[in-house]
Amino acid sequence: MSRFGEKVKKLRIERGLTLRKMGEATGLHWGHISKIEKGQRIPSVLIALKIARFFEVTVDDLADDSVEI
């Protein structure tokens with residue numbers, strides 16, 4: 001799960017979203033998303049699920065370091 005944040009950032013940038021726009025769309029604070037992307041925070045299961053649903057991927061896709069997105 002060490003690449004979770006890296007994958008979130010990649011998906012966010014590919015969709016042309018700022019941290020603030022992603023925060024507004026997901027209901028998460030942009031600062032929290034930033035810390036997840038930097039690997040400074042590990043998301044709870046509920047937050048991981050919210051992010052995965054937002055990007056229409058599975059939590060496994062985000063959490064499994066061997067899976068490329």
Side-chain angles (χ1 to χ4, degrees):
M1 185 149 159
S2 62
R3 293 186 56 224
F4 186 96
E6 175 188 324
K7 291 178 184 182
V8 170
K9 184 173 184 175
K10 179 182 177 191
L11 289 168
R12 178 179 61 78
I13 291 171
E14 283 177 356
R15 286 162 174 75
L17 297 168
T18 64
L19 286 166
R20 290 184 191 272
K21 289 290 183 188
M22 182 178 166
E24 290 170 6
T26 60
L28 301 171
H29 190 276
W30 66 268
H32 190 76
I33 298 168
S34 175
K35 288 180 181 180
I36 290 170
E37 288 184 356
K38 293 176 184 175
Q40 297 172 344
R41 278 236 157 116
I42 297 172
S44 69
V45 173
L46 292 176
I47 289 176
L49 184 58
K50 186 178 274 197
I51 291 171
R53 284 182 177 161
F54 175 72
F55 287 121
E56 298 178 338
V57 298
T58 67
V59 173
D60 285 342
D61 290 338
L62 294 172
D64 186 345
D65 289 344
S66 67
V67 174
E68 293 299 322
I69 293 187

Which pairs of donor and acceptor atoms, one on a side chain in residues 34-41, lie under 3.5 Å apart (sequence neighbours left out)?
residue: Glu37; atom: OE1; partner: Arg12; partner atom: NH2; Å: 3.0
residue: Glu37; atom: OE2; partner: Arg12; partner atom: NE; Å: 2.6
residue: Arg41; atom: NH1; partner: His32; partner atom: ND1; Å: 2.9

Report task. State which residues pass side-chain contact (heavy atoms from CB on, under 4.5 Å) with Lys21; sequence neighbours excluded, sorted by chain then number. Result -> Leu17, Thr18, Glu24

Query raised in the report: Residues two or more places apart in sequence or in another chain: which of them pass side-chain contact (heavy atoms from CB on, under 4.5 Å) with Ser66?
Result: Asp64

Query - Heavy atoms of other groups near Arg15 CZ, more than 12 under 6.0 Å - result: yes

Report task. Heavy atoms only: give me the nearest Ala48-Pro43 pair and the separation to one decimal. Result -> N-CB, 4.1 Å

Query raised in the report: Side-chain heavy atoms under 4.5 angstrom apart, residues restricted to Ile, Leu, Val, Met, Phe, Trp, Tyr: same cluster for Ile51 and Val67?
Result: no

Query raised in the report: Taking 4.0 angstrom as the limit, do Lys9 and Glu6 come out as a salt bridge?
Result: no

Query raised in the report: Taking side chain as C-beta onward, heavy atoms only, is Val8 less than 4.5 Å from Met22?
Result: yes

Requested in this report: Provide the full list of side chain to side chain donor-acceptor pair (under 3.5 Å) pairs with a residue in residues 54-63, sequence neighbours left out, each pair given once.
Outcome: Thr58-Asp61

Query raised in the report: Of all heavy-atom pairs between Trp30 and Leu19, which one has the smallest distance, and what is that distance?
Result: CB-O, 3.5 Å

Query raised in the report: Is the backbone of Leu28 close enough, under 3.5 Å, to the side chain of Lys50 for a donor and an acceptor to pair up by distance?
Result: no

Query raised in the report: Excluding sequence neighbours, so at least two apart, what forms side chain to side chain donor-acceptor pair (under 3.5 Å) with Ser44?
Result: none

Query - Distance, nearest 0.5 Å, that separates CD1 of Ile69 from CG of Leu62 - result: 4.5 Å

Requested in this report: Under 4.5 Å between side-chain heavy atoms, chaining through other members, with only Ile, Leu, Val, Met, Phe, Trp and Tyr counted: pull out the rest of the cluster around Val59, sorted by chain and number.
Outcome: Leu49

Query raised in the report: Taking only residues two or more places apart in sequence or in another chain, which ones pass side chain to side chain donor-acceptor pair (under 3.5 Å) with Glu14?
Result: none

Query raised in the report: In the hydrophobic cluster built from side-chain contacts under 4.5 Å, what are the other members alongside Ile13?
Result: none

Query raised in the report: Quick one: are Lys10 and Arg3 in side-chain contact, heavy atoms under 4.5 Å?
Result: no

